[in-house]
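Take a look at the structure below.
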Amino acid sequence: MLNIELIRRNPDFVKESLAKRHDSAPVDEVLAMDEHRRKLLYEAESLRARRNEVSKRLATMKDKPQDVIAEMREAGDRIKTLEEEMKSLEKSLQELLLQIPNIPDPSVPVGDGMEDNIVVRTGDEPKKLDFTPRPHWELGERLGIIDFERGIKLSGSRFYILKGKGARLQRAVIAFMLDLHVKEHAYTEVYPPFMVKRECMVGSGNLPKFGENLYHDAEDDFWFIPTAEVPLTNLHRDEILGADVLPLKYVAYTPCFRREKMSAGKDVRGIKRGHQFDKVELYKFVTPEKSNEELDKLVRDAEEVARALKIPYRIIQVCTAELGFPSAKSYDLEMWAPGCGEWLEVSSCSNCTDFQARRANIRYRPGVGAKVEFVHTLNGSGLALPRVVIAILENYQRSDGSIAVPEALHPYTGFEVIN
RNA sequence: GGAGGGGUGGCCGAGCGGUUCAUGGCGGCGGUCUUGAAAACCGCUCUCCGGGCAACUGGAGCGUGGGUUCGAAUCCCACCCCCUCCGCCA
């Protein structure tokens with residue numbers, strides 16, 4: 001959520017900034033509502049101030065003057081009317097504000113689409129193979145480690161089953177990544193709920209705008225998380241943190257559930273895009289002046305996984321038009337998949353500045369006696385599972401269709417070859 | 001799910017419907033004293049929304065939302081959460 005004071009003070013800046021991401025905000029409508037609200041507020045508060053004063057006098061009187069009581073009764077009715085008006089106005093205003101995305105950081109390249117994203121740096125060059133690499137769905141089926149048919153039998157399209165060494169490989173990658181971030185990068189491991197309340201989804205920015213991508217249990221109003229970013233954002237909702245505890249760094253492994261309505265018909269082959277997938281997520285709560293620096297470190301932490309697994313990758317800076325709703329600045333990490341011949345997005349690291357912190361009301365006290373301020377929040381995959389498995393299968397395949405397991409995973413898999 | 005008890009400021013804990021603008025204590029911060037510290041004493045200690053360049057000033061907040069009343073932490077209703085016991089259960 002944007003600071004309403006910013007919109008009030010500098011509406012043109014807000015409009016221009018949002019135009020860069022090809023979004024627009026009902027800025028003038030917001031301003032009109034805000035002004036109306038303050039007018040009502042002034043009247044209600046003046047009446048209340050008078051009532052407080054009269055009440056104090058009334059309390060000490062033995063014989064209460066009936067005409068004064070009558071006047072106060074009338075004032076009370078008026079206050080109630082004003083409050084009702086304000087309540088509905090505030091609700092509409094809030095609805096508008098919740099629809100407006102974050103303002104891009106000035107350092108983000110202005111662009112119109114994917115083609116304007118910038119490759120910041122690359123890892124190792126892809127190995128030259130002396131045979132035609134197969135896509136993972138062929139490898140997986142032949143090796144009996146991915147079962148598409150039975151996945152569909154159980155749950156329909158976009159579901160699959162990992163079996164035997166395939167399931168074990170995925171579990172190994174998860175454990176390896178968690179250990180790496182906990183031991184080498186000093187994140188605190190968190191096991192959060194996978195179903196959360198509606199207000200958590202609002203806090204992270206997934207609601208009210210993106211409900212069509214979420215699974216929802218209507219009976220108990222539980223929402224299934226599309227990423228661990230949601231529970232992690234809400235970990236410190238409605239809290240005031242001490243400056244001395246920042247930065248807070250968390251890592252969580254969770255399944256993620258997405259309806260993928262928006263991408264119907266895309267990536268239907270293989271395990272690249274499913275309704276359920278696993279992910280290890282990195283999350284930080286930091287002070288505002290450190291957030292861009294912390295974003296760079298976050299990207300390095302995610303990148304370390306690709307380096308350790310020795311998989312070709314590149315880091316992309318996302319242009320203004322491609323930024324996610326709550327993000328002010330983002331980098332993607334893509335791994336090369338020689339079988340399907342594409343770069344797979346395995347991580348997206350974002351600085352959400354105070355956007356989520358405002359929605360979820362997460363603040364900190366800069367110093368003793370200092371005024372509280374909103375923290376900045378950062379999130380990044382570290383990394384997203386099925387796609388890392390794809391990258392392993394396709395990069396480590398051999399001409400006979402077997403797969404060599406990356407060395408870093410040996411202690412976790414207990415085997416070195418899948419055949 | 002059933003029965004009973006309870007939700008008050010960072011923590012503990014008072015609070016006959018109107019001198020409570022939420023008593024008191026603990027913790028925290030500042031000060032006096034001290035070679036230093038402790039103790040003692042004094043003062044300060046929350047958040048949000050308005051108005052004002054500012055000093056400052058008005059309003060709101062006692063789990064949440066309604067209601068009664070001129071006036072609600074205090075009375076009424078609903079819901080949520082926690083504790084104890086029972087039931088069920090991996």
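Residue numbering restarts at 1 for every chain, and letters A, B, ... go by the order of the sequence lines.
Rounded to an integer number of Å, the gap from CD of A:Glu199 to C1' of B:U64 is 11 Å. Straight-line distance from the CZ atom of A:Phe374 to the P atom of B:U47: 13 Å, rounded to whole Å. Here B:C49 presents its C1' atom at 10 Å from CE of A:Met86, a figure rounded to the nearest Å. With rounding to whole Å, A:Glu83 atom CD is found 14 Å from B:G59 atom P. Look at CZ on A:Arg48: it is 10 Å from C1' on B:C49, rounded to the nearest Å. Distance A:Glu239 CD to B:C48 P: 15 Å, rounded to the nearest Å. The distance between atom CG of A:Asp238 and atom P of B:U64, rounded to the nearest whole Å, is 11 Å. Following rounding to the nearest Å, A:Asp220 (CG) and B:G1 (C1') show an atom-to-atom distance of 14 Å.
In the set B:G65, B:G59, B:U47, B:G65 carries the atom at the smallest distance from any side-chain atom of A:Lys87.
Classification of A:Glu373 and A:Arg363 as a salt-bridged pair fails, no side-chain N sitting under 4.0 Å from a carboxylate O.
Taking atom C1' on both B:G17 and B:G67, the two are 15 Å apart, rounded to the nearest angstrom. One C1' atom belongs to B:C21, the other to B:C46, and the distance between them is 15 Å to the nearest Å. Spacing of C1' atoms, B:U74 relative to B:C62, comes out at 10 Å, to the nearest Å. If you take atom P in B:G13 and the same atom in B:U8, they sit 9 Å apart, rounded to whole Å. Taking atom C1' in both B:A14 and B:C53, one finds a spacing of 43 Å when rounded to whole Å. Using P as the reference atom, B:A22 and B:A3 are 38 Å apart when rounded to the nearest Å. To the nearest whole angstrom, the two P atoms, one in B:A40 and one in B:G58, are 37 Å apart. For the P atom pair drawn from B:C16 and B:U20, the interatomic distance equals 13 Å after rounding to whole Å.
No side-chain N or O of A:Lys329 forms a donor-acceptor pair with one of A:Ser350 less than 3.5 Å apart. A:Tyr364 and A:His376 are not linked by any side-chain donor-acceptor pair at a separation below 3.5 angstrom, with hydrogens and angles left out of the test.
Taking the six-membered ring where the residue is Trp, A:Trp223 and A:His216 present parallel rings, their angle staying beneath 30° rather than reaching 60°. Ring-plane geometry between A:Phe285 and A:Tyr283 is classed as tilted, the angle between the planes lying from 30 to 60 degrees on a 0 to 90 degree scale. Using a 30° and 60° split on the angle between ring planes, A:His185 and A:Tyr187 fall in the perpendicular class, above 60°.
Nucleotides of RNA chain B nearest to A:Glu53 and A:Ile4 differ in position, and the one nearer the 5' end is that of A:Ile4.
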Indicate every side-chain donor-acceptor pair of residues 380-390 of chain A with a distance under 3.5 Å to a residue at least two apart or in another chain.
residue, atom, partner, partner atom, Å
A:Ser381, OG, A:Ser348, N, 3.3
A:Arg387, NE, A:Lys272, O, 3.0
A:Arg387, NH1, A:Glu345, O, 2.9
A:Arg387, NH2, A:Lys272, O, 3.2

Scan the side chains in residues 19-27 of chain A for donor-acceptor partners under 3.5 Å anywhere in the protein, sequence neighbours excluded, and list what turns up.
residue, atom, partner, partner atom, Å
A:Arg21, NH1, A:Asn102, O, 2.8
A:Arg21, NH1, A:Ser327, O, 3.1
A:Arg21, NH2, A:Leu323, O, 3.2
A:Arg21, NH2, A:Gly324, O, 2.7
A:His22, NE2, A:Asp112, OD1, 2.9

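Considering only heavy atoms from C-beta on, A:Met201 comes within 4.5 Å of A:Pro226 through its side chain.
Note on A:Arg365: only backbone sugar-phosphate atoms sit closer than 4.0 angstrom, heavy atoms only; bases stay farther off. Within the nucleic acid shown, A:Val372 comes within 4.0 Å of sugar-phosphate atoms alone, with no base atom in reach, counting heavy atoms only. Residue-level contact check: A:Arg8 touches the backbone only, with heavy atoms under 4.0 Å from sugar-phosphate atoms and none from bases.
Taking a 4.0 Å limit (strictly below) on heavy-atom distances, residues 33-47 of chain A reaches RNA chain B at A:Arg37, A:Arg38, A:Leu41, A:Glu45.
When each of A:Asn292, A:Thr320, A:Thr353 is paired with A:Asp105, the side chain to side chain donor-acceptor pair (under 3.5 Å) condition holds for A:Asn292 and for no other.
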Using the 3.5 Å cut-off, write out each protein N or O paired with an N or O of nucleotides 69-71 of chain B and the distance between them.
residue, atom, partner, partner atom, Å
B:C70, OP1, A:Arg73, NH2, 2.6
B:C70, OP2, A:Arg73, NE, 3.4

Open item on the list: Let's test your reading of the pairing rules: Watson-Crick or G-U wobble, both distances under 3.5 Å, then write RNA chain B as a dot-bracket string with ( ), [ ], | and dots.
Closed with: ((((((((.[[[..)..(.....]]]((((((.......))))))((((((....)))))).[[[[[..)....]]]]])))))))....

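Annotation for A:Arg142: atom CZ does not count as buried by contact number, only 12 or fewer foreign heavy atoms lying within 6.0 Å.
A:Glu293 meets the salt bridge (charged side-chain N to carboxylate O under 4.0 Å, His left out) test with no other residue; sequence neighbours excluded.
In this structure, A:Asn52 does not reach the B:C21 phosphate: none of its side-chain N or O atoms is under 4.0 Å from OP1 or OP2.
Relative to the six-membered ring of A:Phe415, A:Lys165 meets both conditions, a distance below 6.0 Å and an angle of at most 45° to the axis.
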